[in-house]
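For reference, the structure discussed in these notes is given below.
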Amino acid sequence: MQIITPEYILTPQNLLRNFSVAFDKTIHKIAPLEELKILFPDAKIIKLQKNSLLMPGLINAHVHVEFSANKTELSYGDFIPWLYSVLENRETLIEGCKKGCMREAISCMLESGITTFGAISSHGMDLDVCADAKQNVVFFNELIGSQATMADALFADFLARLDASKSVNREGFYPAIAIHSPYSVHPILIKKALQIVKNENLKLTAHFMESSAEREWLDKSEGDFKEFFEKLLKQNSATCGASEFLEHFNEQQTLFTHVVKANEEELLSIKKGNHTIIHCPISNRLLGNGALDLNEINKKNINWICATDGLSSNYKLDLFEEMKCALFMHSNMPLLPLAKQLISSVTKDAALALGINSGEIEEGKNADMLVLDLDKEPNDELAIHLILHRYNISQIYINGKLIP
Ligand code: MCF
Ligand code: FE
């Protein structure tokens, strides 16, 4: 058992001052130091400096680790040209994305305070590095393929990857499933994957309504996707409508990424299923998809969290940067409440959506914690300051272990 003695502790309800935390793998008790010393006389005491803040480790629920080689290869500004550039550069990116490059992306996340991430794995090339990562990992094996003729082969490949991820046996590693999107996965495949999700109680995610091209293709089998599908896949209509797609998830709480172009009916369906939206503001901006209507999402009381997406559509895997961009992107929302919601979205709310027992400095939670060095006494606007100022992270604990 250890006792850590920060000056401040950030909890969802309030900011505690002069409280300490007794923890091993989990947080056992939060109380004044003198009280904890009596309860745990043998505990090692970690003394922290003035203005230190203990807060939960950050949770990045959506990142494509395998795309970490991209810097300037992919075309930004518009979704369909980006997609063509992904296909054109696939070999270079895959070739370039050796283990070192993926490891670097994972350690950059750690340095910026990310103690849990959700990896969307398209090929399983990131399995070893994710298994070796110091962070907790929800490893989402991606299922993709819009053509029924290929369904069996694609499903077999997906199952092999899922099985490989199940054989990783370490604390804080959770195999899970990603359905790529409504335009790219055939309903036959979706049904088969959902059966596994139900039988094995796995976490589930999908990209949904990211671009106006996706909107038009799913609604009318028209728009910018038409040429893409006709030329590349000899497919002239969408295999699944948007509402039909969502119906597959009626009984399975799902994390839907982007959702920028969803209509009223789809948002209500997301609400009804108690699903969560993963908001990736930088990715949305870079791929020309506009801004999610967070006011509307809040009005409908829909769960949402914030994540980085991959280096395929971002320049950094840093949730402080992501929150800062969100704060400026949603300029029609009151600043302080948005800042508070953003902090909650990468801690408590993300933990809840991923089904992870962390995201809060609270008794019983896993000890995933950061120590930040604030430069002076915090005030009521701490949430804004946490996002605007890159406070130094002096210690990181994951499942109670100090990360060197
Ligand atoms: O989230 C971004 C943009 N939307 C969709 N997919 C991806 C993103 N970054 C990487 N991807 C991957 C996706 O997982 O791109 C591949 C898929 O494997 C091809 S998309 C048809
Ligand atoms: Fe993505």
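Counting starts at 1 for both ligands and their atoms, in listed order.
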Contact partition for Thr257 relative to ligand 1, non-hydrogen atoms under 4.0 Å: neither
State, without any angle test, whether [X] and [Y] hold a side-chain donor-acceptor pair at a distance under 3.5 Å.
X      : Y      : result
His62  : His258 : no
Ser283 : Asp309 : yes
Thr115 : Asp368 : no

Distance from atom 19 (C) of ligand 1 to nearest protein heavy atom, with residue and atom: Arg90 NH2, 4.1 Å
Atom 11 (N) of ligand 1: the protein heavy-atom neighbour that sits closest, reported with distance to 0.1 Å: His64 CE1, 3.4 Å
To the nearest 0.5 Å, how far apart are [atom1] in [X] and [atom2] in [Y]?
X      : Y      : atom1 : atom2 : value
Lys261 : Ser212 : NZ    : OG    : 4.5 Å
Lys272 : Phe249 : NZ    : CZ    : 16.0 Å
Ser345 : Leu352 : OG    : CG    : 12.5 Å

Of the listed options Asp309, Val185, Leu143, closest to atom 1 (O) of ligand 1 (non-hydrogen atoms): Asp309
Nearest option to atom 5 (C) of ligand 1, as decided by whichever heavy atom of Glu142, His123, His180 sits closest: His180
Output yes when [X] and [Y] qualify as a salt bridge under the 4.0 Å nitrogen-oxygen rule, no when they do not.
X      : Y      : answer
Asp126 : Lys99  : no
Arg390 : Asp318 : yes
Glu230 : Lys234 : no
Lys25  : Glu171 : yes

Any N, O or S atom of Cys280 closer than 2.8 Å to the Fe ion (ligand 2): no
N/O/S from His258 sitting under 2.8 Å away from the Fe ion (ligand 2): no
Considering only heavy atoms of [X], which atoms of ligand 1 have at least one such atom less than 4.0 Å away?
X      : answer
Glu210 : 3 (C), 4 (N), 5 (C)
His258 : 1 (O)
Leu83  : 20 (S), 21 (C)
Phe67  : 12 (C), 15 (O), 16 (C)

Check this for me - ligand 1, [X], N or O atoms closer than 3.5 angstrom, yes or no?
X      : answer
Ser312 : yes
Ser283 : no
Ser122 : yes

Metal-centred angle, NE2 of His62 through the Fe ion (ligand 2) to NE2 of His207, rounded to 10 degrees: 90°
Considering only N, O or S atoms of Asp309, the one closest to the Fe ion (ligand 2): OD1
